[in-house]
Amino acid sequence: MVKRLLRLMTELSSHRWISRIMGAFSHSRISRFLIPAFIRTYHIPASQAEKDPREYATLNEFFSRRLKPGMRPVTEVADALASPVDAMITAMGKIESGTILNVKGQDYNLEELLNHSPHQELYKKGFFFVLYLSPTDYHRIHSPVTGKKTESDHIRGRCYPVNEFGMKHMKSVLCRNERLITYIAHSSGEVAVVKVGAMNVSSIRYSVEDKSAWEIGEDLAYFEFGSTVVLLTETGIFSPRPGLEPGTKVKMGELLGFLQPAK
């Protein structure tokens, strides 16, 4: 009964108009007074931020903060796939015939996740990571490879939570929420960086709207409040770093594994 009630409340609160109200407040100057409480509540390492917390004009500006130089060293391993975010690995593994298996007990259809894009053919037997960003985490998204944008796709959707409850008890959250997908061609093939919005996320934005190429670790986009990144690698080109498993915390720039041209 409690689960049903929570699910109903989540359904009602997932509409974009509620998200817009929350977004408007987080962009208002009055919201800056919540920054100290936000830091305390989520144990945010504010000393890593580019500016003093008192210098941020709004809560959203603090939430999407940049870090001081050197806070996130990027792997220098050859042929690396770097983590695009600070996050917990919720799920990872091989994509089985276009299906991402067992993400908090649910399977996800690649065709739906990528909004029926022709790019789906490249990933049907590739590798995936589901990377969950909690409110504590740094919320900018960086390029996992050096490469050029082949396409960008923005899918309007709902704003369901991507936390433990939402992922377990709401159906196909990753395919139903708002998504901003960046396809990046690199020396071994292509990766897809699927940025998934969440409850109270007013938008997902590119750091520089007209940018079309990035170096590994370069600033790509950011969330206005927390969410998830699904990272996909093309079929036959990726092997994960030994020791990674669901539940592992990773930092932006950390080595996730190795990219090689398909044989």
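Sequential numbering from 1 along the given sequence is applied to the chain's residues.
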Practice task
Go through the steps to decide whether Lys51 and Glu61 satisfy the test salt bridge (charged side-chain N to carboxylate O under 4.0 Å, His left out), and finish with yes or no.
Solution key: CA-CA 11 Å; Lys51 300 187 291 187; Glu61 190 178 297; 3.3 Å; yes
Handout entry: Heavy-atom donor-acceptor pair, Arg65 side chain to Ala49 backbone, under 3.5 Å
Key = no
Practice task
Mind running side-chain contact (heavy atoms from CB on, under 4.5 Å) on His119 and Asp153 for me, showing each step along the way?
Solution key: CA-CA 11 Å; His119 287 266; Asp153 190 11; over 6 Å; no
Exercise for the section: Would you kindly confirm whether Phe62 and Tyr222 end up in one hydrophobic cluster when ILVMFWY residues are joined by side chain heavy atoms under 4.5 Å apart? Expected result: no
Handout entry: Side-chain heavy atoms of Glu111 within contact of His116, under 4.5 Å
Key = yes
Exercise for the section: Evaluate the side-chain proximity of Ile237 to Gln260: yes if any heavy-atom separation is below 4.5 Å, no if none is. Expected result: no
Handout entry: Test item: Asp79 side-chain N/O and Phe258 main-chain N/O as donor-acceptor pair under 3.5 Å
Key = no
Handout entry: Val85-Met92 co-clustered via ILVMFWY side chain contacts under 4.5 Å
Key = yes
Exercise for the section: List the atom of Lys125, the atom of Thr235, and the distance in Å for their closest heavy-atom pair. Expected result: N-OG1, 3.1 Å
Practice task
With side-chain contact (heavy atoms from CB on, under 4.5 Å) as the test, would you mind laying out the steps for Val194 and Phe128 before giving the verdict?
Solution key: CA-CA 11 Å; Val194 184; Phe128 76 93; over 6 Å; no
Practice task
Ignoring hydrogens and angles, tell me if any N or O in the side chain of Glu121 forms a donor-acceptor pair with the backbone of Pro118 under 3.5 Å.
Solution key: no
Exercise for the section: Tell me whether Tyr138 is reachable from Tyr132 by hopping between hydrophobic residues (I, L, V, M, F, W, Y) whose side-chain heavy atoms are closer than 4.5 Å. Expected result: no
Problem - Side chain Thr248, main chain Ile89, donor-acceptor under 3.5 Å - result: no
Practice task
Using modelled atom types only, decide if a donor and an acceptor are shared between the side chain of Arg72 and the backbone of Lys251 within a distance under 3.5 Å.
Solution key: no
Exercise for the section: Search all heavy atoms of Ile204 against all heavy atoms of Gly197 and return the closest pair with its distance. Expected result: CD1-N, 3.5 Å
Exercise for the section: Verify, without hydrogens or angle tests, whether Glu234 (side chain) and Glu190 (backbone) share a donor-acceptor contact under 3.5 angstrom. Expected result: yes
Practice task
With the side chain counted from C-beta on, respond yes when Leu81 and Val191 share a heavy-atom pair under 4.5 Å apart, and no when they do not.
Solution key: yes
Exercise for the section: Have a look at Leu114 and tell me which of Ile181, Leu122, Asn109, Val230 forms a side chain to side chain contact (heavy atoms under 4.5 Å, CB included) with it. Expected result: Ile181
Exercise for the section: For the pair Asp86 (side chain) and Met252 (backbone), establish whether a donor and an acceptor sit closer than 3.5 Å, ignoring hydrogens and angles. Expected result: yes
Practice task
Just do the side-chain contact (heavy atoms from CB on, under 4.5 Å) check on Tyr108 and Leu113 with the steps written out, would you?
Solution key: CA-CA 7 Å; Tyr108 283 87; Leu113 178 70; 5.6 Å; no
Problem - Gap between atom OH of Tyr56 and atom OG of Ser31 - 0.5 Å precision - result: 13.5 Å
Exercise for the section: Any chance you could measure Tyr42, atom OH, to Phe63, atom CZ, to the nearest 0.5 Å? Expected result: 8.5 Å
Problem - Under 3.5 Å donor-acceptor, Arg179 side chain and Asn177 backbone - result: yes
Exercise for the section: Anything under 30° is parallel, anything over 60° is perpendicular, the rest tilted; go ahead and classify Trp214 against Tyr206. Expected result: parallel
Practice task
Answer yes or no: is there a side-chain heavy-atom contact under 4.5 Å between Val193 and Pro144?
Solution key: yes
Problem - Shortest non-hydrogen contact from Ser152 toward Leu180 - result: OG-CD1, 3.9 Å
Problem - Value rounded to 0.5 Å, distance of CG in Leu133 from NE2 in His139 - result: 4.5 Å
Practice task
Look at the side-chain heavy atoms of Ile, Leu, Val, Met, Phe, Trp and Tyr, link any pair under 4.5 Å apart, and say whether Leu220 and Leu131 land in one connected group.
Solution key: yes
Exercise for the section: Carefully, step by step, assess Asp137 and Lys249 under the rule salt bridge (charged side-chain N to carboxylate O under 4.0 Å, His left out). Expected result: CA-CA 10 Å; Asp137 291 318; Lys249 287 282 291 184; 3.0 Å; yes
Exercise for the section: Using modelled atom types only, decide if a donor and an acceptor are shared between the side chain of Thr41 and the backbone of Phe38 within a distance under 3.5 Å. Expected result: no
Practice task
Please answer whether the main-chain N or O of Ala185 pairs with a side-chain N or O of Thr150 as donor and acceptor at a distance below 3.5 Å.
Solution key: no
Handout entry: Criterion side-chain contact (heavy atoms from CB on, under 4.5 Å) on Lys195 and Thr182, from CA distance to verdict
Key = CA-CA 8 Å; Lys195 299 160 285 293; Thr182 313; 2.7 Å; yes
Handout entry: Atom of Leu244, atom of Leu256 and distance for their closest heavy-atom approach
Key = CD1-O, 3.3 Å
Problem - Cluster link Val103 to Leu232, ILVMFWY, side chain under 4.5 Å - result: yes
Exercise for the section: For Val74 and Gly217, work out which heavy atoms get closest and say how close. Expected result: CG2-CA, 3.8 Å
Problem - From CG (Leu34) to CG (Leu59), nearest 0.5 Å - result: 6.0 Å
Practice task
Kindly compute the distance separating CG (Asp107) from CG (Leu101), expressed to the nearest 0.5 Å.
Solution key: 5.0 Å
Practice task
Step through the shown structure and confirm whether more than 12 heavy atoms of other residues, nucleotides or ligands are within 6.0 Å of CD on Glu55.
Solution key: yes
Practice task
With rounding to the nearest 0.5 Å, note down the distance linking OG in Ser64 to CZ in Arg205.
Solution key: 9.5 Å
Completion exercise
When every non-hydrogen atom of Ser143 is compared with those of Ile184, the smallest separation belongs to OG-CD1, 3.8 Å
